[in-house]
Every structure is written in structure tokens, then in C-alpha cells.
Amino acid sequence: MLSSVSHKVGKETIKLKLSTAALLRLEEEHDGRPFNSILEDILTGSGGVHLVVAALAAAMNDGEGCDREEVVALIDRAGGYRKLIPVLSKAVDVAFPEVKKAMDSAMKAAAAKAAEGQADAEDAAGGKATDPASA
């Protein structure tokens, strides 16, 4: 059974759940695009405000959903859509723990690759990192 994520906005407590019904609504709204593709845009932030509003509207009320106007008002009360992205991200983590593990692994791999690139740059410079601006 999927759990929901609770979050307080002012005096109101919202419950988000990425239920099957929520996922179906989100896919239908995005012309049948698979949820994993939509999820990638949510997690990377490339979907913009429109996608955040759509995802929140689909997941609100414990996965039963709500209309966009309610979400837009909620976002304004929260202080902007970026304030609710961590809550949405937590709902994704709860619904799809394997995605969180994959994202954590990807982040570690990216950090390791960046560190490797820095080490290669230092080796090429004779043990010192070079400032590209001074080259």
C-alpha cells in the first residue's frame, strides 16, 4: 500500500500520494507520456511550473487529486512553487523508493566523475589545479 506525505502550509495540512489514479491523471494530461519520463522532468526541474502544478494537482488529497486553481492558490500561500518541490520529491521517494536509490547512485557517480576530472586536470598541470581564466 502506498503511503502519503503530509505537509503543513499555513494552517492547512496537505496530503500528497502518487496513487495509480494520480499517475493516470498525470499521464493523460500529458498526452499519454509515460510517468517515468514525466518523473524525470519533475526531478530535474525541466518541466517548469506547469509540470509542478500538474503533479501536485494529481497527487493532492491523498491521491484523489484536485483542480489547478486549488494548487495555484496553495503554491501562492506556500511562498512559491519551489517551496513545494521538496514535498513532491518526498512523495516520489515514498511511492518509488527504487527511484531514490537510482538517483542517489547517479548523483554519486556524477560526483565521482567530476572528482576524477579534477584529478586528471591536476595531474596534467603537474599536481596543481589550473584556473582556466588565467590560461
Side-chain angles (χ1 to χ4, degrees):
M1 182 167 139
L2 289 174
S3 296
S4 56
V5 172
S6 297
H7 181 74
K8 202 159 181 79
V9 177
K11 294 180 181 182
E12 176 185 8
T13 299
I14 61 169
K15 283 188 167 188
L16 301 179
K17 183 193 294 185
L18 291 171
S19 63
T20 302
L23 300 180
L24 285 170
R25 281 190 299 277
L26 202 51
E27 285 184 351
E28 287 170 1
E29 185 175 322
H30 290 87
D31 300 320
R33 191 170 148 213
F35 178 71
N36 61 339
S37 173
I38 298 168
L39 175 62
E40 186 176 324
D41 287 350
I42 293 169
L43 294 175
T44 61
S46 63
V49 178
H50 174 80
L51 186 55
V52 172
V53 170
L56 287 169
M60 286 283 291
N61 298 321
D62 211 20
E64 295 298 318
C66 69
D67 47 28
R68 290 174 171 271
E69 292 77 23
E70 186 178 335
V71 173
V72 169
L74 173 75
I75 288 171
D76 289 344
R77 286 193 310 276
Y81 79 98
R82 289 190 173 152
K83 300 279 184 169
L84 294 175
I85 289 175
V87 182
L88 186 55
S89 179
K90 188 172 180 183
V92 170
D93 291 349
V94 167
F96 305 102
E98 67 280 3
V99 171
K100 182 176 179 0
K101 289 177 189 172
M103 289 297 290
D104 288 347
S105 294
M107 296 292 277
K108 286 179 186 175
K113 188 171 182 176
E116 184 180 299
Q118 179 65 29
D120 289 346
E122 289 175 2
D123 288 344
K128 294 188 265 181
T130 58
D131 179 4
S134 66

- Query: If you measure from CD1 on Ile14 to CG on Leu84, what distance do you get to the nearest 0.5 Å?
  - Reply: 5.5 Å
- Provide the closest heavy-atom pair for Leu18 versus Ala59 in the form atom of the first, atom of the second, distance. CD2-CB, 3.9 Å
- Reported CG-to-CG distance for the pair Asp41 and Leu51, which is rounded to 0.5 angstrom: 6.0 Å
- Query: Nearest heavy-atom pair of Ser19 and Gly63: which atoms, and what distance?
  - Reply: OG-O, 3.1 Å
- Task: Give, for atom OG1 of Thr13 and atom NZ of Lys15, the distance between the pair rounded to the nearest 0.5 Å.
- Result: 9.0 Å
- If you round to the nearest 0.5 Å, how far is CG of Leu16 from NE2 of His7? 9.0 Å
- Which heavy-atom pair separates Arg25 from Ala58 by the least distance, and what is that distance? NH2-O, 2.7 Å
- Residue pair Lys8 / Lys11: nearest heavy atoms and the distance that separates them: NZ-O, 3.6 Å
- Could you tell me whether Arg33 atom CZ has more than 12 heavy atoms of other residues or ligands within 6.0 Å of it? yes
- Check whether any side-chain N or O of Glu27 sits under 3.5 Å from a backbone N or O of Phe35 as a donor-acceptor pair, and report yes or no. yes
- Message: To the closest 0.5 Å, what do you measure between NZ (Lys83) and CD1 (Ile75)?
- Response: 13.0 Å
- Single-linkage hydrophobic cluster Val49~Val72, side-chain heavy atoms < 4.5 angstrom: yes
- At their closest point, which heavy atom of Val5 faces which heavy atom of Ala91, and how far apart are they? CG2-CA, 3.6 Å
- Item | Interatomic spacing from CG in Leu23 to CZ in Phe96 - rounded to 0.5 Å | 4.5 Å
- Query: Would Lys17 and Glu64 pass as an ion pair if we require N to O under 4.0 Å?
  - Reply: no
- Query: Ignoring hydrogens and geometry, is there a side-chain-to-backbone donor-acceptor pair from Asn61 to Gly65 under 3.5 Å?
  - Reply: yes
- Task: Taking all heavy atoms of Val71 and all of Cys66, pick out the closest pair and write down the distance.
- Result: CG2-SG, 3.5 Å
